[in-house]
Amino acid sequence: MPELPEVETVRRGLQPVMEGARLVSVEQNRADLRFPFPERFAERLTGRRIEALGRRAKYLTIHLEGGLAIISHLGMSGSYRIELDDGTHAPGAFHHDRSKNTLHDHLVMNVEREGGGRARIIYNDPRRFGFMALAEPGELDSHPMLKGLGVEPTGNALSGELLASLFAGKQAPLKAALLDQRLIAGLGNIYVCEALWRAGLSATRKAATIATPAGRKTARADALAFAVRDVIADAIAAGGSSLRDHIQTDGTLGYFQHSFSVYDREGAPCPRPGCGGTVERIVQSGRSTFFCPRCQT
DNA sequence: ATCATGACCTGTTAGC
DNA sequence: TGCTAACAGGTCATGA
């Protein structure tokens, strides 16, 4: 599920229940996800108040009183859901609102909410590619999981100039460069495919070809920087993409999947007006790339 | 250093 | 219907 827009959607869904709440107890149901949980993880959380929820790239950050912070990555299949003490799901609960699948509930945070009442925040992750870490007070930005991350594709930071300088000299395919979290942090397979389509650029072209040899921007760099920021902003506004969970009762599931131009649309006509091409699928470094061979060059 | 590939895990779906 | 293979939103370790 989770690229940057999905993680941001999770953050916004958890925020009204978690911020200001106190962790009454934490149930950790196994020793590891992709990596072992930190030492004494549940004990260190218990009793603390949650001050804020943040996000860096695809990482959710949970800031606790005293400065300790949980760093949570959802991998491919991680999700959070909220259960209120009356047994219902909270508005804003994200994903997997079906009664089955508690098998992979790996962490349960029981909280006393700020305005009173209790809630359970449950982390579920069938494939266990997700992971959690703890950052000591003042060490969040320098934590090994976050410190090497590149620029956020939100806001104005990602300009054509910056993109050109980041990609200058790179022989890797444009797609691989866009997926490199050390350069731009937060893009994944869906939004890279969509951004390349919006920019009219081929995923297989060498990354360096959007810059001059000196690392100056070209029209391609401007188009790609804009496309990346644009598709991420659109996806966040739509609440992210939900590929598998179309059953929904409380209305907070993402709907950006209905706006895909090429992702998972092999054989469909290219939606660009007047193009007339057909979406194709190729494999690059083991991952599907969806693109229009006619208008992406 | 840079780049490509396989590995990690479970669940769902397409195809025979 | 039942089995098998392919594939899935990500990252890390390895080897060329």
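Just so it is clear, the structure is predicted and the values come from calculations on it, not from any experiment. So you know, we letter chains A, B, ... as the sequences are listed, proteins then strands, and number each from 1.
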- Could you list the residues that satisfy ring-ring contact (aromatic ring centres under 6.0 Å, His included) with A:Phe167, not counting sequence neighbours? none

- Query: Between A:Leu103 (CG) and B:dG11 (P), how many Å, whole number?
  - Reply: 6 Å

- Task: Can you run down the salt bridge (charged side-chain N to carboxylate O under 4.0 Å, His left out) pairs that involve residues 150-164 of chain A, sequence neighbours left out, and say none if there aren't any?
- Result: A:Arg55-A:Glu152, A:Arg56-A:Glu152, A:Glu161-A:Lys217

- Return the set of residues passing ring-ring contact (aromatic ring centres under 6.0 Å, His included) with A:Phe37 (not counting sequence neighbours), or none when no residue passes. A:Phe41

Please produce a list of atom pairs where a protein N or O lies less than 3.5 Å from an N or O of nucleotides 5-9 of chain B.
unit_1	atom_1	unit_2	atom_2	d
B:dC9	O3'	A:Arg128	NH2	3.4
B:dC9	O2	A:Arg127	NE	2.8
B:dC9	N3	A:Arg127	NH2	3.2

- Message: Applying salt bridge (charged side-chain N to carboxylate O under 4.0 Å, His left out) as the test, list every pair that has at least one member in residues 258-279 of chain A; sequence neighbours left out.
- Response: none

- Message: Please report the distance, rounded to the nearest Å, between CG in A:Asp32 and P in B:dT10.
- Response: 11 Å

- Message: Enumerate the salt bridge (charged side-chain N to carboxylate O under 4.0 Å, His left out) contacts for residues 177-202 of chain A, please, sequence neighbours excluded, ordered by first and then second residue.
- Response: A:Asp180-A:Arg182, A:Arg198-A:Asp230, A:Arg198-A:Asp234

- Message: In this structure, how many angstroms lie between the C1' atom of B:dG11 and the CE atom of A:Met76, rounded?
- Response: 12 Å

- Rounded to whole Å, the CZ-C1' distance (A:Phe256 to C:dG9) equals 13 Å

- Message: Strictly below 4.0 Å, N to O, side chains only: are A:Arg22 and A:Glu112 in salt-bridge contact?
- Response: no

- Message: With a 3.5 Å distance limit and no angle check, can you tell me whether A:Glu83 reaches the backbone of A:Arg81 through a side-chain donor-acceptor pair?
- Response: no

- Query: What residues form a salt bridge (charged side-chain N to carboxylate O under 4.0 Å, His left out) with A:Arg44, not counting sequence neighbours?
  - Reply: A:Glu136

- Item | P-based separation of C:dG9 from B:dC3 [nearest Å] | 22 Å

- Task: Let me know the distance between CD of A:Glu266 and C1' of C:dA8, rounded to the nearest Å.
- Result: 15 Å

- Message: Give me the distance, rounded to whole Å, that separates C:dA6 from B:dG6 when you measure between the P atoms they each carry.
- Response: 13 Å

- Mind jotting down which residue pairs meet the salt bridge (charged side-chain N to carboxylate O under 4.0 Å, His left out) criterion with at least one end in residues 206-216 of chain A? Sequence neighbours excluded, please. none

- Task: Report the residues that fulfil salt bridge (charged side-chain N to carboxylate O under 4.0 Å, His left out) with A:Glu139, sequence neighbours left out, ordered by chain and then residue number.
- Result: none

- Message: At a heavy-atom distance below 4.0 Å, what parts of residues 166-188 of chain A sit against DNA chain B?
- Response: A:Lys170, A:Gln171, A:Ala172, A:Pro173

- Tell me: CD1 of A:Ile282 to P of C:dC7, nearest whole Å? 14 Å

- Message: Output the pairing pattern of DNA chain C as a dot-bracket string, 5' first, Watson-Crick or G-U wobble with both distances under 3.5 Å, | for cross-strand pairs, [ ] for crossing pairs.
- Response: .|||||||.|||||||

- N/O (side chain, A:His104) to phosphate O (OP1/OP2, B:dT10) under 4.0 Å: no

- Query: Quick one: salt bridge (charged side-chain N to carboxylate O under 4.0 Å, His left out) partners of A:Arg281, sequence neighbours excluded?
  - Reply: none

- Task: Return no unless some side-chain N or O of A:Lys58 is found under 4.0 Å from OP1 or OP2 of C:dG9.
- Result: no

- Message: Without decimals, in angstroms, what is the distance between A:Arg287 CZ and C:dT11 C1'?
- Response: 9 Å

